[in-house]
Novice: 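Once you've had a glance at the structure underneath, I'll fire off some questions.
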Amino acid sequence: MSTYPCQIIAMILNLKFSISLLFLVGFICISGLSNTDNEAIRKHVEDITAGRAVVLMEESIYSSQLLPKAYTKREFEPIWDSKSQDALIKAIASAPEDGLNSEDYHFEALTKLDSKKVDELSIAAADILLTDAYLLYASHLLNGKTNPETIDGQWKATRREGNALEHLEKALSDGKIGESLGLLRPNSPRYYSLREALNQYRKIADLGGWSVIPDGQTLKVGMIDSIRIPALIARLRATNDLNQTPANTVIYSESVQRGVLHFQKRHGLETDGDLGRLTTTALNVPVAKRVDQIKLNMERYRWLSQNLGNHYAMVNIADFHMSILKNDSVTFREKVIVGKPFRKTPVFSGNMTYMVLNPTWTVPKTILLNDILPQLQKDPIYLSQKKMKAFDLRVSTNQAVDPATVNWNEFSKNYFPFMIRQEPGELNALGLVKFMFPNGYDVYVHDTPNRDLFSKNERIFSSGCIRLDNPFSLVNYHLSKNKDWTMAKVQEVIKGGQTTTINLKESMPIHILYLTAWAEDGLVQFRSDIYQRDTPLSVALNEKAPSL
């Protein structure tokens, strides 16, 4: 409604009514403008709801579900004023600090907004663009920009929950747009440590990063190299693995060795203090790739549940370690062996509820068909050598068959009606104890008879389960709250060979994760991408924002 009809109304009234009625006239005039905006917003929202692609101010609208709800509840009234608009733009400018891209949230278009120079249709478009930006940014902070299950079907860890629209409504009510977005970040101290690490490595990148160390023979303490050792010192200084430059920069001194040891520990390498091939390769990874690695793992933290528990177990597959954390402090840590690259350990969350002493092992179908059957076809006495028993499922699961009486060559992967079970004992693949957290993968933590494999630095030898070094240290950890059991009693049961279940007095959440970068105790840690999961995530994270 233009102001001209308003003047006519005032003339007709001939100024005979009270001042209060003039205020009402003014309200009608203003409502005319507002209704124009409302109608424009309504039309755009209807297009979005109908699934039509909507482009406003040369920007695509991504929030196809939450945005229509936001405006429908408000009867298509504009949401943003200049104060809230400025607060949102300022918040979006800081998105790179969380490893996100400001341009995913219409940053450039929003910074060009000038309410004095846009017509009524553009006001509606700008309002929708601001709402879309908030909902998209909030959703990415709450749940991650990407969907882990579309990138890696084996990522099933408990996800964070939250509704971006509810946060928008509260932020508008409280007048705290920027603060509301900050509160949506994961509340884990480890996420904030990675955030600091991202800033640190970006500063290194801004200074030019680091130079490549040439290949050559393995360098040890006392050796001299006028080219590689100065380059090594400069590289170690760049990431504070070496606190100060030695007086002699061409000799491999003990201080240089300490710097190399520090670097090796941070990168999960063999800590021999020598500059060998693997250490040189890790030192030469470009700073840009390390920045990207940190961003990827911040995204993985955004995928995780906000509440992992106050007392929980965590296995980091890429780090080959299991830890127990209580109030964010590590109270238990042991080496683990994880799945081979072609039998990956899945990412998921469970609840550890009991442990079994002297466990039997029912061979999983994959191992049964791919490993056991070929062995049986070569050597029928294989089962007795491994203290395994075969049960013909066509007859009974209670009566074992004599493997020598079976023609195993008659069976194949397509038809194998047998269950194979390994009896308790030192040969058992699960060792002397297993820790159970029922799940759909038949994955659990257990002992192993193959102790020598824990001496390896990269431990990818299992068929998916998690083999634990020093498993009885975990038994002892759980028994601290169980007055019915002692370690002496456990050892007595082990010697007796009887399969025995011990229920945990307190169940423990366990999270099987895959993190190739994290930060703790002020140190940034990097690990090799053993399952090649980083590259697909990097591609997805750098693509345009997906629709909500």
Side-chain angles (χ1 to χ4, degrees), residues 33-34 36-45 47-48 52-71 73-74 76-146 163-185 295 302 541-548:
L33 284 170
S34 178
T36 303
D37 293 335
N38 290 13
E39 282 301 299
I41 288 173
R42 182 186 61 77
K43 290 176 182 177
H44 289 314
V45 168
D47 285 338
I48 295 168
R52 289 187 282 272
V54 174
V55 177
L56 301 175
M57 300 172 67
E58 301 183 0
E59 294 282 317
S60 296
I61 300 301
Y62 296 103
S63 184
S64 59
Q65 297 181 29
L66 294 181
L67 187 146
K69 291 179 182 178
Y71 283 106
K73 289 177 72 173
R74 298 172 67 94
F76 307 106
E77 289 184 2
I79 290 174
W80 301 88
D81 57 26
S82 59
K83 182 179 178 181
S84 58
Q85 170 185 309
D86 291 344
L88 177 59
I89 294 172
K90 182 178 179 181
I92 293 173
S94 68
E97 295 174 20
D98 287 282
L100 297 169
N101 184 357
S102 296
E103 287 307 318
D104 282 341
Y105 318 113
H106 315 304
F107 182 65
E108 185 176 356
L110 292 179
T111 55
K112 293 178 180 178
L113 287 178
D114 186 343
S115 60
K116 295 179 181 178
K117 297 180 182 179
V118 295
D119 58 29
E120 292 165 3
L121 289 177
S122 295
I123 290 173
D127 203 86
I128 290 174
L129 210 60
L130 286 160
T131 303
D132 189 56
Y134 182 98
L135 293 173
L136 200 59
Y137 190 19
S139 295
H140 291 176
L141 288 172
L142 268 171
N143 312 113
K145 174 182 174 179
T146 59
N163 186 302
L165 178 54
E166 292 176 0
H167 288 282
L168 172 59
E169 290 171 344
K170 187 175 189 307
L172 291 168
S173 174
D174 296 343
K176 296 181 178 180
I177 295 294
E179 294 90 332
S180 72
L181 288 164
L183 292 173
L184 301 185
R185 297 186 184 101
K295 289 164 59 179
R302 288 190 288 267
L541 197 58
N542 288 304
E543 288 178 346
K544 274 286 188 182
S547 296
L548 295 176

Novice: Where is the tightest heavy-atom contact between Phe107 and Ser102, given as atom of each residue plus distance?
Specialist: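 Closest pair (atom of Phe107, atom of Ser102, distance): CB-O, 3.3 Å.
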Novice: Look up atom CG in Asn38 and atom CZ in Arg74, then write down how far apart they are to the nearest 0.5 Å.
Specialist: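 So the CG of Asn38 and the CZ of Arg74 are separated by 10.0 Å.
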Novice: Which residue, Val55, Ile128, Leu136, forms the side-chain contact (heavy atoms from CB on, under 4.5 Å) with Ile61?
Specialist: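 Among the candidates, only Ile128 passes.
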Novice: Which pair of non-hydrogen atoms, one from Glu59 and one from Ala109, has the smallest distance, and what is that distance?
Specialist: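 Between these two residues, the closest heavy atoms are CG-CB, 3.7 Å.
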Novice: Please give me the minimum heavy-atom distance between Ile48 and Pro68, naming the atom from each residue.
Specialist: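 Scanning both residues, the minimum pair turns out to be CG2-CG, 3.8 Å.
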Novice: Could you walk me through whether Glu169 and Lys73 satisfy the side-chain contact (heavy atoms from CB on, under 4.5 Å) test, starting with their C-alpha distance in whole Å, then the side-chain angles of each, then the deciding distance to 0.1 Å, before giving a yes or no?
Specialist: CA-CA 10 Å; Glu169 290 171 344; Lys73 289 177 72 173; 2.8 Å; yes
Novice: Is the backbone N or O of His140 less than 3.5 Å from a side-chain atom of Lys145, with the two atoms forming a donor-acceptor pair by type?
Specialist: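 Absent.
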Novice: I need the Leu142 CG to Leu181 CG distance, nearest 0.5 Å.
Specialist: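 Result: 9.0 Å between the selected atoms.
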Novice: The test is side-chain contact (heavy atoms from CB on, under 4.5 Å); show your working for Tyr137 and Asp98 and say whether it passes.
Specialist: CA-CA 11 Å; Tyr137 190 19; Asp98 287 282; 4.3 Å; yes
Novice: Please output the side-chain donor-acceptor pairs of residues 170-179 that fall under 3.5 Å, not counting sequence neighbours, one pair per line with the distance.
Specialist:
unit_1 : atom_1 : unit_2 : atom_2 : d
Lys170 : NZ     : Asp174 : OD2    : 2.6

Novice: Calculate, to the nearest 0.5 Å, the distance between atoms CG and CG belonging to Leu135 and Leu165 respectively.
Specialist: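 Here the interatomic distance stands at 6.0 Å.
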Novice: How many angstroms lie between CG in Asp132 and CG in Leu56, if you round to the nearest 0.5 Å?
Specialist: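 Asp132 atom CG to Leu56 atom CG measures 9.0 Å (nearest 0.5 Å).
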Novice: Would you say the ring centroid of His44 lies under 6.0 angstrom from that of Tyr71?
Specialist: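 So the answer is no for these two rings.
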Novice: Start with the C-alpha gap between Asp81 and Ser84, add the side-chain angles, then the distance that decides, and say whether side-chain contact (heavy atoms from CB on, under 4.5 Å) holds.
Specialist: CA-CA 6 Å; Asp81 57 26; Ser84 58; 2.8 Å; yes
Novice: Mind telling me whether Tyr62 and His106 have parallel, tilted or perpendicular rings, with 30° and 60° as the class edges?
Specialist: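 Geometry flag for Tyr62 against His106: parallel rings.
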Novice: I need the Glu103 CD to Ile92 CD1 distance, nearest 0.5 Å.
Specialist: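 Between Glu103 CD and Ile92 CD1, I get 9.5 Å after rounding to 0.5 Å.
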Novice: With a 4.5 Å heavy-atom cut-off, do His167 and Leu141 have their side chains touching?
Specialist: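 They are not in contact (no side-chain heavy atoms under 4.5 Å apart), so the answer is no.
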Novice: Okay, side chain of Asp127, backbone of Ile79: is any donor-acceptor separation there less than 3.5 Å?
Specialist: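 The answer is yes, because a donor-acceptor pair under 3.5 Å joins these two groups.
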Novice: From Ile41 CD1 over to Phe76 CZ, what is the distance, rounded to the nearest 0.5 angstrom?
Specialist: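 Interatomic distance, Ile41 CD1 to Phe76 CZ, rounded to 0.5 Å: 9.0 Å.
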Novice: Go through Leu88 and Trp80 one step at a time and tell me if the side-chain contact (heavy atoms from CB on, under 4.5 Å) criterion holds.
Specialist: CA-CA 10 Å; Leu88 177 59; Trp80 301 88; 3.6 Å; yes
